[in-house]
A.B. asks: 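Below you'll find the structure I mean.
All values reported here derive from a predicted model rather than from experimental measurement. Each chain gets a letter, A, B and so on, in the order the sequences are listed, and its residues count up from 1.
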Amino acid sequence: MKKLWGLADGNNFYASAERLFRPDLASKPLAILSNNDGCVIARSNEIKDLGVKMGTPEFEIREQIRNGVIVPFSSNYETYGEMHNRMMNTLSRFTPDWEIYSVDECWLLFKDFDYDMHAYGKYLVNETWRLVGIPVSIGMAPTKTLAKVANKLAKKDKTSGGSRVLLYDHEITIALAEFPVNDLWGVGYAKAKRLALMGVKTALDFRQLPGEWVKKHFTITGFRMWRELHGHPCYELEHESFNKENIATGRTFGKLLTRYNEVEEALANHAASCAAKLRRQKSVAGFVNVQVETHRFREDLPQYVNNISAKLLQPTSDTGSIVNHAIQGLKKIWREGYHYNRCGVLLMDLRDANAGQQIAIFSDHDVQKSQAVMERMDDLNRRFGKNTVKMAIQGYGKEWHLKANHLSPRYLTRVADFINLKI
DNA sequence: TCTGGGGTCCTAGGACCC
DNA sequence: TCTGGGGTCCTAGGACCC
């Protein structure tokens, strides 16, 4: 059976989402900033043309922001999340076999097609633009790795109509001959460095290496990449099990913190947020890991990085229990006299909440009571906004809170921010 | 002065067992 | 306590992704 992989993704997704509500910024350079307005995490084409790279610290473009050359946005995850839902909804209409890969990417598998796939790709691009308002590109090829290549080529070639198909051997070979090996899906910093030393420049150079040699020097992951470039699929559609294996929440603070109570308050909030995520996927956690760290770029200050894991008495998703265990961990690794920059909580050893709750120390009654309280709390927080109900220890101090000086309205998710139309 | 956050997969190496 | 190979299980950390 003929199969073709498609990778569809939103062009400059966050920037395009912001621009949808601000048509007046149609040709302006836009920078989307990370949490805490720390650095650039998404860019419009115009700012790429200015040479602003991914990860550029905000202070380096502050002057251009001040004089209006660059328009900054703090990350607005509520709006991006809703645009994600709409985009995936639309893309999923083009084939029954699809998989969400990231916030702005979707795999589409086409089986037994007998129509012009390039035309179909262009149709998909136009329809998504019409229905969602986000510009997308699609690349199609016999494997996921090659579809990634096709997608990048679709973006690069302004005449492609946003769609590129690599179907036949000769067109794949021609494309790979001009494709930098560093841009392949699966080549990061470490592999790029080694490939450069070997004189491997293009994806075709890499594909022409002997398979056994690749396996020996680049392990199984490199070998899979090699096979995929030859058109042999190593990655399939990943349908279900959307449940995460780990759940983490961590943030840098709005400023460096030295007092225990402030860090404890931030940590309690991260732990509570992890517990809420855990209940949303109907899991319980067996281990809580707590991390603290100082500011790694501040060479003038003493550095301290540590983390600790604690086993929960019994696997649970109870906010109180998870927050308490996290705080016990923090007390063990806390050291006075440092300027802390970040803390975080990681829940591990996750399992299905309904599969065999142990009885151990708690009676069933306690478990049921905890579940009832949590359900009520989640319900209230869903209806009236995050943190309407919370633990006392989560506090009301704002010392640790993030900067977000350029936040756009939550156009899609907050009633007060809806756009009013005058007709 | 100012540099993100949340994930997965794989491997090496230690602990332990026979 | 040392001798030795081979297996499993677990964890830390590297590499990569978006």
Side-chain angles (χ1 to χ4, degrees), chain A residues 7 9-14 31-43 52-63 65-66 72-75 77 80-81 84 99-107 144-145 148 151-152 182-195 215-225 234-235 238 241-256 270 273-274 277-278 281 286-287 289 291 293-301 305-309 311 339 341-350 402-405:
Chain A
L7 178 69
D9 72 341
N11 304 339
N12 311 326
F13 184 68
Y14 291 174
I32 315 302
L33 302 172
S34 64
N35 272 327
N36 229 9
D37 293 345
C39 64
V40 176
I41 56 162
R43 303 163 296 160
V52 176
K53 302 262 179 286
M54 198 77 159
T56 301
E58 182 266 351
F59 68 86
E60 284 183 15
I61 57 168
R62 192 168 296 164
E63 188 55 26
I65 291 173
R66 203 186 52 75
F73 285 93
S74 302
S75 298
Y77 290 110
Y80 308 153
H84 162 88
E99 171 200 338
I100 293 173
Y101 179 57
S102 76
V103 69
D104 72 326
E105 291 172 290
C106 184
W107 295 110
K144 281 186 168 180
T145 303
K148 272 269 186 186
N151 177 286
K152 288 208 177 182
N182 291 358
D183 292 350
L184 284 174
W185 187 46
V187 177
Y189 178 77
K191 280 201 190 80
K193 213 164 129 188
R194 291 174 54 205
L195 288 164
K215 200 175 190 172
K216 195 173 155 205
H217 291 90
F218 289 94
T219 73
I220 188 70
T221 47
F223 185 59
R224 281 184 195 140
M225 188 168 86
C234 298
Y235 303 106
E238 289 173 25
S241 110
F242 283 122
N243 281 357
K244 309 249 188 296
E245 295 177 13
N246 299 298
I247 289 179
T249 306
R251 293 276 186 288
T252 49
F253 308 124
K255 61 178 190 187
L256 297 180
H270 297 333
S273 145
C274 276
K277 288 184 203 169
L278 192 62
Q281 70 167 43
F287 274 84
N289 177 272
Q291 318 107 40
E293 63 188 63
T294 51
H295 198 304
R296 65 180 190 280
F297 294 118
R298 287 291 297 271
E299 289 171 8
D300 54 321
L301 294 172
V305 177
N306 205 353
N307 78 92
I308 190 171
S309 290
K311 193 175 196 301
H339 292 71
N341 182 51
R342 183 194 143 91
C343 72
V345 174
L346 172 68
L347 301 182
M348 298 177 298
D349 191 22
L350 308 192
L402 303 167
K403 276 182 286 193
N405 293 330

A.B. asks: For A:Asn405 and B:dC2, give me the distance from atom CG to atom C1', rounded to whole Å.
C.D. replies: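 Checked: the CG to C1' distance equals 12 Å.
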A.B. asks: Using OP1 and OP2 only, check whether a side-chain N or O of A:Thr252 sits under 4.0 Å from B:dG5.
C.D. replies: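 Checking B:dG5 against A:Thr252, a side-chain N or O does come within under 4.0 Å of OP1 or OP2.
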A.B. asks: What's the gap between C:dG4 and B:dC16 when it is taken at their C1' atoms, as a whole Å value?
C.D. replies: 15 Å
A.B. asks: Select one nucleotide: of B:dG7, B:dT11, B:dG4, the one nearest the side-chain heavy atoms of A:Thr219.
C.D. replies: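 Closest nucleotide to the A:Thr219 side chain: B:dT11.
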A.B. asks: It should be established whether A:Arg298 places a side-chain nitrogen or oxygen under 4.0 Å from OP1 or OP2 of nucleotide B:dC2.
C.D. replies: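 Yes, because at least one side-chain N or O of A:Arg298 sits under 4.0 Å from OP1 or OP2 of B:dC2.
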A.B. asks: Please determine whether a side-chain nitrogen or oxygen atom of A:Arg342 lies at a distance below 4.0 Å from atom OP1 or OP2 of B:dG5.
C.D. replies: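 For A:Arg342, the contact criterion (side-chain N or O under 4.0 Å from OP1 or OP2 of B:dG5) is met.
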A.B. asks: Could you tell me whether the side chains of A:Asn307 and A:Ser309 share a donor-acceptor contact shorter than 3.5 Å?
C.D. replies: no
A.B. asks: Please report, rounded to the nearest Å, how far the C1' atom of C:dC17 is from the CG atom of A:Asp183.
C.D. replies: 14 Å
A.B. asks: Would you mind telling me which of C:dC18, B:dT1, B:dC10 lies closest to the side-chain atoms of A:Arg224?
C.D. replies: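 Given the options C:dC18, B:dT1, B:dC10, the side chain of A:Arg224 is closest to B:dC10.
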A.B. asks: In whole angstrom, give the distance that lies between atom CZ of A:Arg296 and atom C1' of B:dG5.
C.D. replies: 11 Å
A.B. asks: The side chain of A:Cys39 is closest to which nucleotide in this list: B:dG5, B:dT11, B:dT3?
C.D. replies: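 The nucleotide sitting nearest to the side chain is B:dT3.
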A.B. asks: For A:Asp37 and B:dT3, what is the distance between atoms CG and C1' respectively, to the nearest whole Å?
C.D. replies: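 In whole Å, B:dT3 C1' lies 13 Å from A:Asp37 CG.
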A.B. asks: Counting C-beta onward and ignoring hydrogens, is there a side-chain heavy-atom pair between A:Leu347 and A:Lys277 closer than 4.5 Å?
C.D. replies: no
A.B. asks: Just checking A:Val187: base, sugar-phosphate only, or nothing, at a heavy-atom cut-off of under 4.0 Å?
C.D. replies: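 Since only primed, P, OP1 and OP2 atoms lie under 4.0 Å of A:Val187, the category is sugar-phosphate.
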A.B. asks: In terms of side-chain heavy atoms, does A:Asp37 have a donor or acceptor partner in A:Ser74 at a distance below 3.5 Å?
C.D. replies: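 There is such a pair (donor and acceptor under 3.5 Å, judged by atom type) between the side chains of A:Asp37 and A:Ser74.
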A.B. asks: Hey, does the side chain of A:Arg43 reach the backbone of A:Val52 with a donor-acceptor pair shorter than 3.5 angstrom?
C.D. replies: yes
A.B. asks: Is the distance from OP1 or OP2 of C:dC18 to the nearest side-chain N or O of A:Lys148 less than 4.0 Å?
C.D. replies: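 For A:Lys148, the contact criterion (side-chain N or O under 4.0 Å from OP1 or OP2 of C:dC18) is met.
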A.B. asks: So, A:Asn151 side chain and A:Leu7 main chain: donor-acceptor pair closer than 3.5 Å or not?
C.D. replies: yes
A.B. asks: Any base atoms under 4.0 Å from A:Glu105, or only sugar-phosphate, or nothing? Heavy atoms, all strands.
C.D. replies: sugar-phosphate
A.B. asks: Once you round it to whole Å, what is the distance between P of B:dG6 and CD1 of A:Ile247?
C.D. replies: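 A:Ile247 atom CD1 is separated from B:dG6 atom P by 12 Å.
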A.B. asks: Could you please name the option among C:dC16, B:dC9, B:dG6 that lies closest to any side-chain atom of A:Lys191?
C.D. replies: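 Nearest to the side chain of A:Lys191 among the choices is C:dC16.
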A.B. asks: Counting any heavy atom closer than 4.0 Å, what does A:Asn36 reach on the DNA or RNA strands: base, sugar-phosphate only, or nothing?
C.D. replies: nothing
A.B. asks: Counting heavy atoms from C-beta on, name the nucleotide in C:dC18, B:dG4, B:dG5 closest to the side chain of A:Arg251.
C.D. replies: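 The closest nucleotide is B:dG5.
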A.B. asks: Take the protein atom CZ of A:Arg43 and the nucleotide atom P of B:dG4, then report the distance between them rounded to whole Å.
C.D. replies: 16 Å
A.B. asks: Just N and O in the side chain of A:Asn246: are any of them under 4.0 Å from OP1 or OP2 of B:dG6?
C.D. replies: no
A.B. asks: With the criterion set at under 5.5 Å between ring centres and under 30 degrees between planes, would C:dC16 be stacked on A:Tyr189?
C.D. replies: no
A.B. asks: Whole-Å distance between B:dC2 C1' and A:Ile65 CD1?
C.D. replies: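 One finds 12 Å between C1' of B:dC2 and CD1 of A:Ile65, rounded.
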A.B. asks: Just to be sure I understand the rule, does A:Asp104 reach a base, reach only the sugar-phosphate, or reach nothing, if contact means heavy atoms closer than 4.0 Å?
C.D. replies: sugar-phosphate
A.B. asks: Can you classify the ring geometry of A:Tyr14 versus A:Tyr80 as parallel (below 30°), tilted (30 to 60°) or perpendicular (above 60°)?
C.D. replies: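 The arrangement is parallel - the two ring planes meet at less than 30°.
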A.B. asks: What is the distance, to the nearest angstrom, from the NZ atom on A:Lys53 to the C1' atom on B:dG4?
C.D. replies: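 Rounded to the whole Å, the gap is 19 Å.
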